[in-house]
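Both ligands and their constituent atoms are indexed starting at 1 by order of listing.
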Amino acid sequence: MLRDIRTNYQKYELTESSIQKNPIKQLTKWLEEAVKEKVQEPTAMVLSTIDSVGNPESRVVLLKDLNTGGLVFYTNYESKKGRQIESNKHVSVVFFWPELERQVRIKGTAEKISTEDSEAYFLSRPVDSQLGAWASPQSRVIENREFLDENYRRYQEQFKGREIQKPPHWGGFCIRPSYFEFWQGRSNRLHDRLEFILAEDSWQINRLAP
Ligand SMILES: Cc1cc2nc3c(=O)[nH]c(=O)nc-3n(C[C@H](O)[C@H](O)[C@H](O)COP(=O)(O)O)c2cc1C
């Protein structure tokens with residue numbers, strides 16, 4: 001029964017003295033540990049956006065870069081998420097690494113990265129993924145599966161023997177964070193929760209009740 005599924009978390013703890021004072025550094029550290037622990041899809045994050053009437057919508061995307069500027073992911077700018085960010089730049093992100101009993105929640109604003117940076121990343125992708133970006137009008141209703149396969153073959157033909165250009169509607173967004181919460185599962189449901197709030201130019205850390 002669903003209601004009988006229960007985990008007692010007791011692998012790690014998170015304290016004010018052990019946490020990095022900069023949340024990007026802390027996220028980098030936890031990501032490295034998730035990779036080391038062989039978490040499946042350690043860079044997968046649930047991204048929530050807001051549509052034009054204020055309804056939230058969530059889906060998984062992959063984190064492709066993390067630096068002092070923020071968190072970068074790539075997508076189709078004409079997709080639902082792309083259009084939603086266009087009309088409302090406020091987003092939130094959640095990472096969940098069950099193997100480490102950890103969650104990270106982030107709030108911030110998303111903006112397109114430069115075309116040059118998107119191109120550089122696009123060119124580093126495998127050819128199949130490059131063709132896939134051309135072949136899929138992401139988030140549009142399509143007639144059937146054949147539409148995609150046919151589109152893929154068409155672009156394969158079109159780019160035969162040539163470098164595959166980045167589609168104009170494809171690129172990266174950078175999420176500039178203003179809030180983080182690091183959650184470490186502990187026993188007896190008394191989990192550790194440390195939040196970072198951006199105040200002026202520095203990060204204020206608070207402990208939250210679980
Ligand atoms: C593990 C995983 C990774 C994904 N990574 C991406 C990604 O990096 N970029 C992307 O556009 N969609 C990615 N997707 C697909 C999205 O979840 C979503 O289906 C798609 O982007 C369309 O979303 P939208 O219609 O809300 O724009 C991923 C899905 C999964 C399950």
Side-chain angles (χ1 to χ4, degrees), residues 24 27-28 30-67 69-152 155 164-177:
I24 300 264
L27 179 59
T28 304
W30 273 16
L31 269 165
E32 285 168 1
E33 289 173 11
V35 172
K36 211 163 106 203
E37 281 295 311
K38 305 218 175 341
V39 168
Q40 193 179 351
E41 300 286 22
T43 62
M45 54 186 193
V46 176
L47 167 77
S48 299
T49 50
I50 311 281
D51 73 13
S52 55
V53 289
N55 290 321
E57 196 162 356
S58 306
R59 82 289 286 155
V60 175
V61 294
L62 297 179
L63 178 70
K64 290 294 174 185
D65 194 17
L66 176 64
N67 54 51
L71 296 85
V72 177
F73 69 93
Y74 291 87
T75 194
N76 185 318
Y77 288 142
E78 292 171 0
S79 65
K80 260 201 264 185
K81 78 182 90 48
R83 290 172 187 276
Q84 288 168 358
I85 291 170
E86 201 73 44
S87 67
N88 185 338
K89 61 186 181 178
H90 295 278
V91 301
S92 85
V93 160
V94 178
F95 291 91
F96 174 45
W97 299 299
E99 295 87 340
L100 293 162
E101 305 174 345
R102 289 174 177 166
Q103 168 184 248
V104 182
R105 296 161 64 177
I106 300 165
K107 285 189 280 186
T109 52
E111 57 188 62
K112 285 180 185 171
I113 64 171
S114 71
T115 306
E116 294 73 37
D117 285 351
S118 289
E119 272 166 358
Y121 173 67
F122 186 81
L123 293 179
S124 77
R125 302 179 89 205
V127 166
D128 294 357
S129 309
Q130 292 178 335
L131 289 169
W134 277 102
S136 169
Q138 195 177 54
S139 312
R140 299 265 164 83
V141 174
I142 54 174
E143 215 142 90
N144 49 34
R145 171 78 217 185
E146 284 67 47
F147 169 88
L148 286 181
D149 297 333
E150 184 48 42
N151 243 5
Y152 186 92
Y155 283 111
I164 304 172
Q165 306 286 311
K166 179 186 81 62
H169 55 264
W170 191 97
F173 280 108
C174 179
I175 301 170
R176 295 186 192 290

Does NZ or CZ of Lys112 lie under 6.0 Å from the centre of the six-membered ring of Tyr77, at an angle within 45° of the ring axis? yes
Could you pull out the closest heavy-atom pair between Leu31 and Pro42, with the gap in Å? CD2-O, 3.6 Å
Between Ser136 and Ala133 (side chain of the first, backbone of the second, donor and acceptor by atom type, cut-off under 3.5 Å), is there such a pair? no
Please, which pairs that meet ring pair (Phe, Tyr, Trp, His ring centres under 6.0 Å) have at least one residue in residues 124-147, sequence neighbours excluded? Trp134-Tyr155, Trp134-Phe159
How would you list, by chain and number, the residues with a heavy atom under 4.0 angstrom from ligand 1? Arg59, Val60, Val61, Leu62, Tyr74, Thr75, Ser79, Lys80, Lys81, Gln138, Ser139
Please work out whether the ring planes of Phe122 and Trp170 are parallel, tilted or perpendicular, with thresholds of 30° and 60°. perpendicular
Salt-bridge contact Arg140-Glu78 (side-chain N to carboxylate O under 4.0 Å): yes
